[in-house]
Amino acid sequence: MAFPSILSNTNWKVGVESLVSFEWPKTVLPTKRETAPNGSTILWVIQDTYEGSTFFDTFDFYTGPDPTNFVDQQTAINDSLAYVTPENKVIMRGDNTTQLAYGVNRNSVRISSQAEYNMGLFILDLDMAPWGCGMTGFFQTLGGGEWPYNGEIDIIEGVHANEHNQVTWHTAPGCNLTQNTNFTGAIVQTNGTDNLQCNAFINNNAGCGVTEWSHSSYGPLFDQANGGVFAMNWDENGIAVWSFYRSTIPLDITQGEPNPSNWGEPVAALSTQSCNITQFFANHSIVFDITFCGDWAGNSYATSGCPGTCENTLMDPTNFVNASWIINSLSVYKQAWLEIGTSSATRTHPIMNFKVTGWIFSTVVFLHIVFVSL
């Protein structure tokens with residue numbers, strides 16, 4: 001008995017060969033992940049990326065009153081105080097070319113993100129942070145509304161030619177640093193006593209700060225090592241900050257799949273034991289700043305080891321050749337929850353594979369013809 005010629009037009013062998021050779025996609029799950037209180041796995045997914053030629057499009061330039069003369073965006077661009085290099089490096093710097101008369105404020109930049117955030121994972125990759133006598137550099141998130149009632153988080157904070165980064169929180173009264181929280185830095189002290197109160201209305205607005213142990217976490221040695229990465233994890237369980245030299249940046253960060261559970265102890269952490277995070281921190285914008293002879297640099301100048309006075313130092317532009325940010329990227333991630341019993345990986349079912357689908361169709365047709373022909 002001969003079968004109808006339809007079989008000669010159906011390449012059923014392709015389907016069989018496809019089924020034999022078909023391989024499920026390989027899924028590599030991390031060895032350790034953060035978990036939510038309900039047992040769900042926490043993943044961090046990208047929310048915003050600030051980098052390259054579009055970096056300044058979503059930032060506003062501050063021009064309000066200050067001992068530093070913060071300039072508007074057009075002035076900053078015209079004077080090369082803010083620009084992006086052909087290699088997509090974002091540059092922000094203070095004026096280092098103008099000789100000033102005594103008492104005149106030096107031009108600089110301060111920018112704030114147009115977006116506001118309530119929690120998130122903030123990862124800054126930079127080659128250089130500003131340093132030098134008579135200046136302060138800040139990378140921070142700052143709460144909207146009346147300061148300090150929605151909080152301030154100083155992720156990078158350095159003054160003069162300091163070699164140790166300082167992480168600091170400034171809040172309304174009632175938020176405190178917990179001494180037994182696990183972090184590697186040292187709590188900042190006033191007169192030999194730990195500054196545990198983040199209250200911005202006491203101790204001359206010292207806040208509650210932690211100094212990093214490494215002498216290359218800020219300043220000349222940090223820049224000589226081509227910078228690195230700072231990461232801040234802010235969620236309902238607390239606020240933690242890590243820093244990594246260029247050579248020690250975790251692979252999950254470089255791959256765009258950050259996993260703080262694999263990073264070890266942070267350099268600084270504010271826990272919920274003595275601070276209600278959601279009460280004291282809200283509606284934060286991202287801020288980069290280079291300040292000359294402000295509250296911190298001006299008040300600490302006499303004991304800094306820098307020559308002369310801050311006012312005299314401010315006059316000479318050559319004192320500020322290192323007052324620059326060089327930024328590769330800033331990424332903001334938000335939390336996503338992976339429910340128990342599910343996988344974050346997308347697997348392809350064989351029925352969705354074109355060749356396998358062809359095999360199934362061929363087999364059905366073949367069996368149907370055999371049945372009809374009997």
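With no hydrogens or angles considered, no side-chain donor-acceptor pair links Asn322 and Asp223 at under 3.5 Å. Donor-acceptor pairing under 3.5 Å is recorded for the side chains of Asp72 and Thr75. Side-chain contact, Thr193 with Asn191: no donor N or O sits under 3.5 Å from an acceptor N or O. Side-chain contact of Thr272 with Glu236: a donor-acceptor pair under 3.5 Å is absent, judged by distance alone. Side-chain contact annotation: Thr54 with Asp57, donor-acceptor N/O pair under 3.5 Å absent. When only modelled atom types and interatomic distance are considered, Ser300 and His160 share a side-chain donor-acceptor pair under 3.5 Å. Side-chain contact annotation: Glu51 with Asn88, donor-acceptor N/O pair under 3.5 Å absent. Between Thr178 and Asn180, the side chains place no donor N or O within less than 3.5 Å of an acceptor N or O (distance only, hydrogens not considered). Side-chain N/O atoms of Thr190 and Asn195 include a donor and acceptor closer than 3.5 Å. Between the side chains of Glu212 and Asn165, at least one donor-acceptor pair of N or O atoms lies under 3.5 Å. Remark: the Asn276 side chain and the Thr278 side chain contain an N/O donor-acceptor pair separated by less than 3.5 Å.
Between Cys293 and Cys310, a gap of under 2.5 Å is found separating the two SG atoms. A distance below 2.5 Å between sulfur gamma atoms is not met by Cys198 and Cys175.
Applying the ring-ring contact (aromatic ring centres under 6.0 Å, His included) definition to pairs two or more places apart or across chains, those involving residues 246-270 are Trp242-Trp263, Phe244-Trp263. Counting only residues at least two apart or in different chains, disulfide bond (SG atoms under 2.5 Å apart) contacts with residues 118-158 comprise Cys133-Cys306.
In plain terms, the two heavy atoms of Tyr50 and Ser113 that are nearest each other are OH-CB, 4.1 Å.
With contacts defined as side-chain heavy-atom distances shorter than 4.5 Å, the pair Asn262/Pro250 does not qualify. Side-chain atoms of Val210 and Trp169, non-hydrogen and from C-beta on, do get closer than 4.5 Å to each other. At least one side-chain heavy atom of Ile327 sits less than 4.5 Å from a side-chain heavy atom of Leu124.
In terms of modelled atom types and a separation under 3.5 Å, the side chain of Asn105 and the main chain of Thr68 share no donor-acceptor contact. Checked by atom type and distance alone, the side chain of Thr85 pairs as donor or acceptor with a backbone atom of Lys89 at under 3.5 Å.
In the hydrophobic clustering of this structure, Phe70 does not group with Phe56; members are Ile, Leu, Val, Met, Phe, Trp, Tyr whose side-chain heavy atoms approach within less than 4.5 Å, directly or through other members. Hydrophobic clustering keeps Val109 apart from Val321 (ILVMFWY residues linked when any side-chain heavy atoms are closer than 4.5 Å, directly or through intermediates). Both Val71 and Leu314 are assigned to one and the same hydrophobic cluster, defined by single-linkage of ILVMFWY side chains at heavy-atom distances under 4.5 Å. Taking hydrophobic clusters as Ile, Leu, Val, Met, Phe, Trp and Tyr residues chained together by side-chain heavy-atom distances below 4.5 Å, Leu196 shares a cluster with Phe183.
When the shell of 6.0 Å around CG of Asp316 is examined, it contains more than 12 heavy atoms from other residues, nucleotides or ligands. Counting heavy atoms of neighbouring residues, nucleotides and ligands inside a 6.0 Å radius, atom CG of Asp295 does not exceed 12 of them.
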May I have the step-by-step check of ring pair (Phe, Tyr, Trp, His ring centres under 6.0 Å) for Tyr117 and Phe122, ending in yes or no? CA-CA 10 Å; Tyr117 300 92; Phe122 302 75; 5.5 Å; yes
Side chain to side chain contact (heavy atoms under 4.5 Å, CB included) for Ser331 and Thr49? Distances and angles first, verdict last. CA-CA 5 Å; Ser331 301; Thr49 301; 4.3 Å; yes
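Centroid-to-centroid, the aromatic rings of Phe292 and Phe320 come within less than 6.0 Å.
A side chain to side chain contact (heavy atoms under 4.5 Å, CB included) with Arg93 holds for exactly one of Pro130, Ser80, Ser108; it is Ser80. Between Phe222 and the choices Phe230, Trp131, Tyr245, the ring pair (Phe, Tyr, Trp, His ring centres under 6.0 Å) rule is met once, by Phe230.
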Review item, side-chain donor-acceptor pairs of residues 148-157, under 3.5 Å, at least two apart:
residue	atom	partner	partner atom	Å
Asn150	ND2	Gly144	O	2.7
Glu152	OE1	Trp147	NE1	2.9
Glu152	OE2	Gln140	NE2	3.2
Asp154	OD1	Gln140	NE2	2.6
Asp154	OD2	His170	NE2	3.1
Glu157	OE1	Thr168	OG1	2.7

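With respect to Asp125 and Arg246, a salt bridge is recorded, a charged nitrogen being found less than 4.0 Å from a carboxylate O.
Taking the six-membered ring where tryptophan is involved, the planes of Trp234 and Phe281 are perpendicular, since the angle between them exceeds 60° and thus also 30°.
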